[in-house]
Amino acid sequence: MTEKKTNFIRDIIDEDLKTGKFDNRVHTRFPPEPNGYLHIGHAKAICLSFGIAEDYSGAKCNLRFDDTNPTKEEQEYIDSIIEDVKWLGFEWDNLCYASDYFQQMYDFAVDLIQKGKAYVCDLSGEEIRKTRGTLTESGENSPFRERSIDENLDLFERMKNGDFPDGSKVLRAKIDMAHPNLNMRDPVIYRILHAEHPHTGDKWCIYPMYDWAHGLEDSIENITHSLCTLEFEDHRPLYDWFLAELETYRPQQIEFARLSLNYTVMSKRKLKQLVDEKFVLGWDDPRMPTISGLRRRGFTPESIRDFAERVGIAKRDSVSDIALLEHCLREDLNKRTERRMAILDPLKVVITNYPDTKTEELDAINNPEDESAGGRKIPFSKEIYIERADFMENPPRKFFRLGIGREVRLKHAYYITCNDAIKDENGEIVELRCSYDPATKGGWSDDGRKVKGTLHWVDISHAIDAEIRLFDRLFSAENPDAEDDFRNAINPDSLTTIIGKIEPSLKNAEIGENFQFLRNGYFCVDKDSTAEKIVFNRSVGLRDSWAKKNKN
RNA sequence: UCGGGGAUCGUCUAAGGGUAGGACACCUGGUUUUGGUCCAGGCAGUUGGGGUUCGAAUCCCUGUCCCCGAGCCA
């Protein structure tokens, strides 16, 4: 987390502040549609708009639900969005709903009709599409375009009163059917929808379209800089046109490139599909790029905000590397998490020269990056587990771990030397016989003897079983969107569940708590944990230059 | 094809007439009771072609490529 980077949007705000364009106010907003859970791409937008409000003195940012389409929106999504924004650590100045302005929007529409700039059109959806023209040919005027103002007023009111069925009529702005920007070809601004709305119930049966609603929301809330993604660039002329025609306050819309990440998908539609079709456990599945998924995975708000900072804001399309997100997490967790020992793939070790019934309490430091984290005691006795991968019968060059006749350090404990490997009838190693050097307690020797490897371990008699969920990327293709069907790119091995052996101090770990399991990675306690069974998610592995070296 | 945007190391992002810089990734080496962290170093870029200029990533001309747009979605 270095110092705040600037970007072209902040440059514009700086300039506006210099010229006094908005009376030196800065007021942004984050306007999600509650039709799904927020994802890391939204986090970027949240950090942008809320971040500006945090950094400019006196600046504000609203959280506003763009709830103009009751057929797709749900209270569950509203709740999750509120939780996610809070969790990221942002505070809004006003919590707003577009639906709170439905009456004002209606009045504005009446105003537009009275100005002769809007009309009720009886064309069907199909007919509207056909008469809109194409990218290269202009459209043709609706036969209803020249209705009188009085007739339009009457019809629109009756639309509002529920006199007409869904789809039978719309209100359209009267602009220019030959406009090269399709959005300006008499866009629909109200449609009839007899649907139950999460906030207004059945009060309304006509609902405003995005283009009509959004600018009005911004204007009503006195937003100064309305930040949105690139695909709305073509809508800006319409945004400006409406507010100009209505002669009302006009904020400035600025577009930036949305966040894309490799090895994942980011559209709410596709994420919803993954949930609905049970490819994942839910919106908060730790493999999902949703904020709730990342939270459950063990990400911290700080790491996500740092990531948003580092990817920056620009206008060119880009795909950020998931490795950067992981880096931000590791960097944050390295500083703050306590170390623990856990064995993911246990191999029994018997220390033959250690007293049969003795148990020692050894001192272990909690976090070498943070002295204030203190230490803890860990039990040690004759039988322990180590990682299966930490022993090799025929070790290659540069293998620093255990082998027959090799000596290594057990972290915080003793040096041990392996004397024998015991195999079962299938030839699989089931146990190691080692001897320890009592003079190396704590992991030091006085004689200057060096060991190259240090292993983590867990005492068998005190070990606790834990369910450990190891995640791999959800998609095996770098760009799942490029597939014919993104579901074909789903990685069948994205979740591996194992039973690991963890040190006893982890017994009372709380849900959501993060740890570094020495040499294994960062893990956090999943909400599925119970009194009988603790469940850990691997948030991200440690960097592993040994594994990397041996890849090929 | 019409309109709107955009092209800088592998990736993301700075520099907007004056030494193309940072981060991630990757590669070396050092330190280390985590093959982690940390430290030092390295690799690597201005979309092509013209022009203006003492000097161009930046200004001009001209190509090329990419993205968005024809929902009663947002």
Side-chain angles (χ1 to χ4, degrees), chain A residues 2 5-7 31-33 35 66 68-69 71-73 121 123-126 128-130 132-139 166-172 179-185 187-193 206-207 209-211 213-214 228-237 255 257 259 262 268-269 307 309-328 330-331 334-335 339 341 364-365 368-369 398-401 409-413 415 440 442-444 451-456 516-521 541-549:
Chain A
T2 45
K5 281 202 267 183
T6 185
N7 57 56
E33 183 194 12
N35 66 344
D66 215 354
T68 57
N69 184 357
T71 64
K72 292 189 176 168
E73 297 153 7
C121 181
L123 254 28
S124 68
E126 177 77 1
I128 287 180
R129 171 151 38 91
K130 277 205 285 231
R132 183 153 28 223
T134 68
L135 295 177
T136 50
E137 304 159 79
S138 47
D166 288 5
S168 59
K169 284 178 169 42
V170 291
L171 182 69
R172 291 226 253 170
H179 199 108
N181 180 342
L182 293 280
N183 295 128
M184 302 296 273
R185 317 240 262 230
V188 172
I189 58 182
Y190 268 98
R191 76 288 217 183
I192 300 171
L193 241 37
I206 57 171
Y207 290 92
M209 296 290 289
Y210 168 85
D211 284 308
H214 206 88
C228 62
T229 43
L230 251 28
E231 69 270 26
F232 294 102
E233 224 156 4
D234 285 340
H235 295 249
R236 180 158 28 92
E255 310 85 11
L259 175 75
N262 54 14
K268 274 197 248 180
R269 197 202 98 228
F307 173 74
E309 189 71 35
R310 293 199 198 210
V311 294
I313 301 292
K315 290 203 74 159
R316 78 182 83 102
D317 297 307
S318 59
V319 181
S320 292
D321 196 339
I322 190 96
L324 178 60
L325 217 209
E326 295 177 343
H327 168 83
C328 293
R330 287 195 190 100
E331 188 175 83
N334 175 53
K335 286 179 303 195
R339 273 58 169 171
M341 295 203 283
I365 186 170
E369 307 295 319
K398 298 262 193 123
F399 184 80
F400 302 152
R401 309 173 189 180
R409 170 168 39 234
L410 293 179
K411 179 89 174 173
H412 306 305
Y415 286 8
T440 57
W444 300 99
V451 289
K452 273 183 279 191
T454 299
L455 310 187
H456 62 283
Q516 184 197 99
F517 286 174
L518 237 47
R519 303 209 300 141
N520 269 324
L542 255 24
R543 287 186 66 224
D544 188 346
S545 53
W546 170 246
K548 198 179 293 172
K549 192 184 293 185

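In what follows, chains carry the letters A, B, and so on, assigned in the order in which the sequence lines appear, proteins first and then strands, with residues in each chain numbered from 1.
Evaluation of atom-type donor-acceptor distances gives a pair under 3.5 Å for the side chain of A:Arg339 against the base of B:rU34.
RNA chain B is contacted by both A:Ala323 and A:Thr440; A:Ala323 maps to the nucleotide lying nearer its 5′ end (nearest heavy atom per residue).
Here the separation of B:rG50 from B:rU58, taken at their P atoms, is 14 Å to the nearest Å. One P atom belongs to B:rU47, the other to B:rA56, and the distance between them is 15 Å to the nearest Å. When the C1' atom is used for both B:rU31 and B:rU37, the distance is 11 Å, rounded to whole Å. With C1' as the reference atom, B:rA7 and B:rA14 are 16 Å apart, rounded to whole Å. Using C1' as the reference atom, B:rA20 and B:rU46 are 8 Å apart when rounded to the nearest Å. With both ends at atom C1', the span from B:rA15 to B:rU1 equals 37 Å, rounded to whole Å. When the P atom is compared between B:rC24 and B:rG42, the two are found 15 Å apart, to the nearest whole Å. As rounded to the nearest Å, B:rA70 and B:rG63 have C1' atoms that lie 29 Å from one another.
Contacts of A:Gln516 with the nucleic acid, taken as non-hydrogen atoms under 4.0 Å apart, include base atoms. Backbone-only engagement by A:Val188 is indicated by non-hydrogen atom pairs under 4.0 Å involving sugar-phosphate atoms exclusively. Among the protein residues, A:Val451 comes within range of no part of the nucleic acid, since none of its heavy atoms lies under 4.0 Å from any strand. Using a 4.0 Å heavy-atom cutoff across all strands shown, A:Pro32 reaches no nucleic acid atom at all. Among the atoms of the strands shown, only primed sugar atoms or phosphate atoms (P, OP1, OP2) are found under 4.0 Å from some heavy atom of A:Arg543. A:His456 comes within contact range of no nucleotide atom at all, as no heavy-atom separation falls under 4.0 Å. Within 4.0 Å of A:Arg401, counting heavy atoms only, lies at least one base atom of the nucleic acid. In this structure, A:Phe307 reaches neither bases nor backbone, as no heavy-atom distance under 4.0 Å exists between it and the strands shown. Within the 4.0 angstrom heavy-atom criterion, base atoms lie near A:Ile128. At the heavy-atom level, A:Leu123 lies under 4.0 Å from base atoms of the strands shown. A:His214 comes within 4.0 angstrom of no nucleic acid atom, judged by non-hydrogen atoms across all strands. Among the atoms of the strands shown, base atoms are found under 4.0 Å from some heavy atom of A:Ser124.
Closest approach of A:Phe307 to A:Leu259, counting heavy atoms only: CE2-CD2, 3.9 Å. The shortest heavy-atom contact between A:Leu123 and A:Arg172 is CD2-NH2, 3.9 Å. Heavy atoms only, all atoms of each residue included: A:Leu182 and A:Thr134 are closest at CD1-O, 4.0 Å. Across all their heavy atoms, A:Cys328 and A:Arg310 have their closest contact at SG-NE, 3.9 Å. The two residues A:Arg409 and A:Gly443 make their nearest non-hydrogen contact at NH1-O, 2.9 Å. Scanning all heavy atoms of the two residues, the minimum distance from A:His235 to A:Asn183 falls at CE1-ND2, 3.6 Å.
Under 4.0 angstrom from either OP1 or OP2 of B:rU13 there lies at least one side-chain N or O belonging to A:Arg316. The shortest distance between the side-chain N/O atoms of A:Thr71 and the OP1/OP2 oxygens of B:rC73 is not below 4.0 Å. Look at A:Ser318 and you'll find a side-chain N or O under 4.0 angstrom from OP1 or OP2 of B:rU13. At the phosphate of B:rC73, OP1 or OP2 sits under 4.0 Å from a side-chain N or O atom of A:Arg191.
The CG atom of A:Asp317 sits 15 Å away from the C1' atom of B:rU13 (whole-angstrom rounding). Nucleotide B:rC9 holds its C1' atom 14 Å from the CG atom of A:Asp321, rounded to whole Å. The interatomic distance linking A:Asp166 (CG) with B:rC73 (P) rounds to 10 Å, in whole Å. The distance between atom NE2 of A:His327 and atom C1' of B:rU37, rounded to the nearest whole Å, is 12 Å. A straight line from NZ of A:Lys5 to C1' of B:rA15 spans 13 Å, rounded to a whole angstrom. Taking atom CD of residue A:Glu126 and atom P of nucleotide B:rC72, one finds them 11 Å apart after rounding to whole Å.
For A:Arg519, the side-chain atoms get nearest to B:rU34 when compared with the rest of B:rC26, B:rC24, B:rU34. Distance from the side chain of A:Arg310 is smallest for B:rC24 among the nucleotides B:rG35, B:rC12, B:rC24. Of the listed nucleotides (B:rC73, B:rG5, B:rC24), B:rG5 has the atom at the smallest distance from the side chain of A:Glu233.
Salt-bridge annotation for A:Lys72 and A:Glu33: absent, with no side-chain N of the basic residue lying under 4.0 Å from a carboxylate O of the acidic one.
Side-chain N or O atoms of A:Asn181 include one that pairs as donor or acceptor with a backbone N or O of A:Asp234 at under 3.5 Å.
In this entry the base of B:rG71 is syn relative to its sugar, with a glycosidic angle within 90° of 0.
Contact annotation: the side chain of A:Leu542 approaches that of A:Gln516 to within less than 4.5 Å [non-hydrogen atoms, C-beta and beyond]. For the pair A:Phe232 and A:Tyr210, the minimum side-chain heavy-atom distance is below 4.5 Å. Contact annotation: the side chain of A:Val451 never approaches that of A:Thr440 to less than 4.5 Å [non-hydrogen atoms, C-beta and beyond].
The ring of A:Trp546 lies on top of the base of B:rG35, close enough and flat enough: under 5.5 Å between centres, under 30° between planes.
Secondary-structure stems of RNA chain B, taken as three or more successive Watson-Crick or G-U wobble pairs (i with j, i+1 with j-1) under a 3.5 Å distance threshold, comprise B:2-7 with B:64-69, B:10-13 with B:21-24, B:26-30 with B:38-42, B:47-51 with B:59-63.
Between the CG atom in A:Asn334 and the CZ atom in A:Arg339 there is a gap of 5.0 Å [rounded to 0.5 Å]. Put simply, CZ on A:Arg185 and CZ on A:Arg132 are 8.5 Å apart, with the number rounded to the nearest 0.5 Å. Between A:Thr229 atom OG1 and A:Lys315 atom NZ the span is 11.0 Å, to the nearest 0.5 Å. Here A:Asn520 contributes atom CG and A:Met341 contributes atom CE; the two are 11.5 Å apart, rounded to the nearest 0.5 Å.
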Give every pair of a protein N or O atom and an N or O atom of nucleotides 68-71 of chain B that lie under 3.5 Å apart, one pair per line with the distance.
{"unit_1": "B:rC68", "atom_1": "O2", "unit_2": "A:Asp234", "atom_2": "OD2", "d": "3.4"}
{"unit_1": "B:rA70", "atom_1": "O2'", "unit_2": "A:Arg132", "atom_2": "NE", "d": "3.1"}
{"unit_1": "B:rG71", "atom_1": "OP2", "unit_2": "A:Arg132", "atom_2": "NH2", "d": "3.2"}

Please list each protein N or O that sits under 3.5 Å from an N or O in nucleotides 38-44 of chain B, with the distance.
none

